[in-house]
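The model shown is predicted, which means the values in this text are computed figures rather than measured ones. Only heavy atoms go into these numbers, but all of them, side chains included; no hydrogens, no water, no symmetry mates.
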Amino acid sequence: MAGRRLHSKTAGAKLNFDFRASHFATIFALGLIFLTAGWLTAPSQVGAAQAFKGEVPGLSVLQGKVEKPPEKPQPRDFVGVWKATFQGKTFTALTLKLENDKLAGTLRTGEVDLAPDGEVSNVNQEVGEARAIFDIKLEGQILSFKDKDGDDLNSLEMKLTGANRAELWFLLPDPLPQGMPVPRPFRLTRTEKLPHISNALVG
């Protein structure tokens, strides 16, 4: 599924680029007609150069620079709002903040289907109400915590994979229920960074 989604995004970017390119071609053609005026040629060339550099408004261009996660992450590196989405639907939202120099936060989950390879294949229900997480511990590169959903007690682990990317595991019983595929970690993206809350702010 990931490959198909990437392909569709790439195709959309190309369509956008082709449209913009034809637009600049039209301007350039008009520039040739009024070449004696001299003032239209330079802006057309600048516009064409911007198009090929990926500076056309509305066109997203990957910079190719991958920011690595810290080798020894600190609690502050996890602070923020982290979300996992599939086809535009958010099925996991984790909020982490620092209160009195300790991590605290909430978790919101939805309902998803898994493909045979363990990847999310469908979102049946997006995230619901927030639940407080507890027993938050950072050991090495792994942040572990617990969450209680009704009568269910969930254990989870989180690992940073980039400056604003992470993976989240739900620790499931072994062996898994019959017919259940081994889930792949949920890929989280940090959508918002939160400020540190000091003693003075929390009263």
Any non-hydrogen side-chain atom of [X] less than 4.5 Å from a side-chain atom of [Y]?
{"X": "Phe170", "Y": "Glu157", "answer": "no"}
{"X": "Val127", "Y": "Thr109", "answer": "no"}
{"X": "Val120", "Y": "Asn122", "answer": "no"}
{"X": "Thr85", "Y": "Thr92", "answer": "no"}
{"X": "Lys159", "Y": "Trp169", "answer": "yes"}
{"X": "Met158", "Y": "Leu96", "answer": "yes"}
{"X": "Thr189", "Y": "Trp82", "answer": "no"}
{"X": "Leu156", "Y": "Leu171", "answer": "no"}

(request) State which residues pass side-chain contact (heavy atoms from CB on, under 4.5 Å) with Arg184; sequence neighbours excluded, sorted by chain then number. (result) Glu119
Between [X] and [Y], which heavy-atom pair has the shortest distance, and what is it?
{"X": "Ala115", "Y": "Ser121", "answer": "N-OG, 3.7 Å"}
{"X": "Val123", "Y": "Val112", "answer": "CG2-CG1, 4.2 Å"}
{"X": "Gly118", "Y": "Pro181", "answer": "N-CB, 4.2 Å"}
{"X": "Leu194", "Y": "Glu192", "answer": "CD2-OE2, 3.7 Å"}
{"X": "Thr161", "Y": "Ala166", "answer": "OG1-N, 3.5 Å"}
{"X": "Phe78", "Y": "Pro73", "answer": "CE1-CB, 3.8 Å"}

Can you check whether [Y]'s main-chain N or O pairs, donor with acceptor, with [X]'s side chain at less than 3.5 Å?
{"X": "Gln141", "Y": "Leu160", "result": "no"}
{"X": "Arg190", "Y": "Val79", "result": "yes"}
{"X": "Glu126", "Y": "Thr90", "result": "yes"}
{"X": "Thr106", "Y": "Ala130", "result": "no"}

(message) Nearest 0.5 Å, please: how far is CZ in Arg108 from CZ in Phe91?
(response) 13.5 Å
(request) Any chance you could measure Leu103, atom CG, to Gln74, atom CD, to the nearest 0.5 Å? (result) 10.5 Å
Under 4.5 Å between side-chain heavy atoms, counting indirect links through other Ile/Leu/Val/Met/Phe/Trp/Tyr residues: same cluster for [X] and [Y] or not?
{"X": "Leu172", "Y": "Phe186", "answer": "yes"}
{"X": "Leu188", "Y": "Phe145", "answer": "yes"}
{"X": "Leu153", "Y": "Leu168", "answer": "no"}

(request) Indicate yes or no: does Glu99 engage Lys97 in a salt bridge with an N to O separation below 4.0 Å. (result) yes
(message) Under the salt bridge (charged side-chain N to carboxylate O under 4.0 Å, His left out) definition, can you give me all pairs with a residue in residues 140-150, not counting sequence neighbours?
(response) Arg131-Asp147, Arg131-Asp149
(message) Can you tell me which residue among Thr95, Leu107, Asn154 is in a side chain to side chain contact (heavy atoms under 4.5 Å, CB included) with Ile133?
(response) Leu107
(message) Applying side-chain contact (heavy atoms from CB on, under 4.5 Å) to Lys193 and Asn164, what does each step give before you reach the verdict?
(response) CA-CA 9 Å; Lys193 290 188 176 182; Asn164 293 299; 3.6 Å; yes
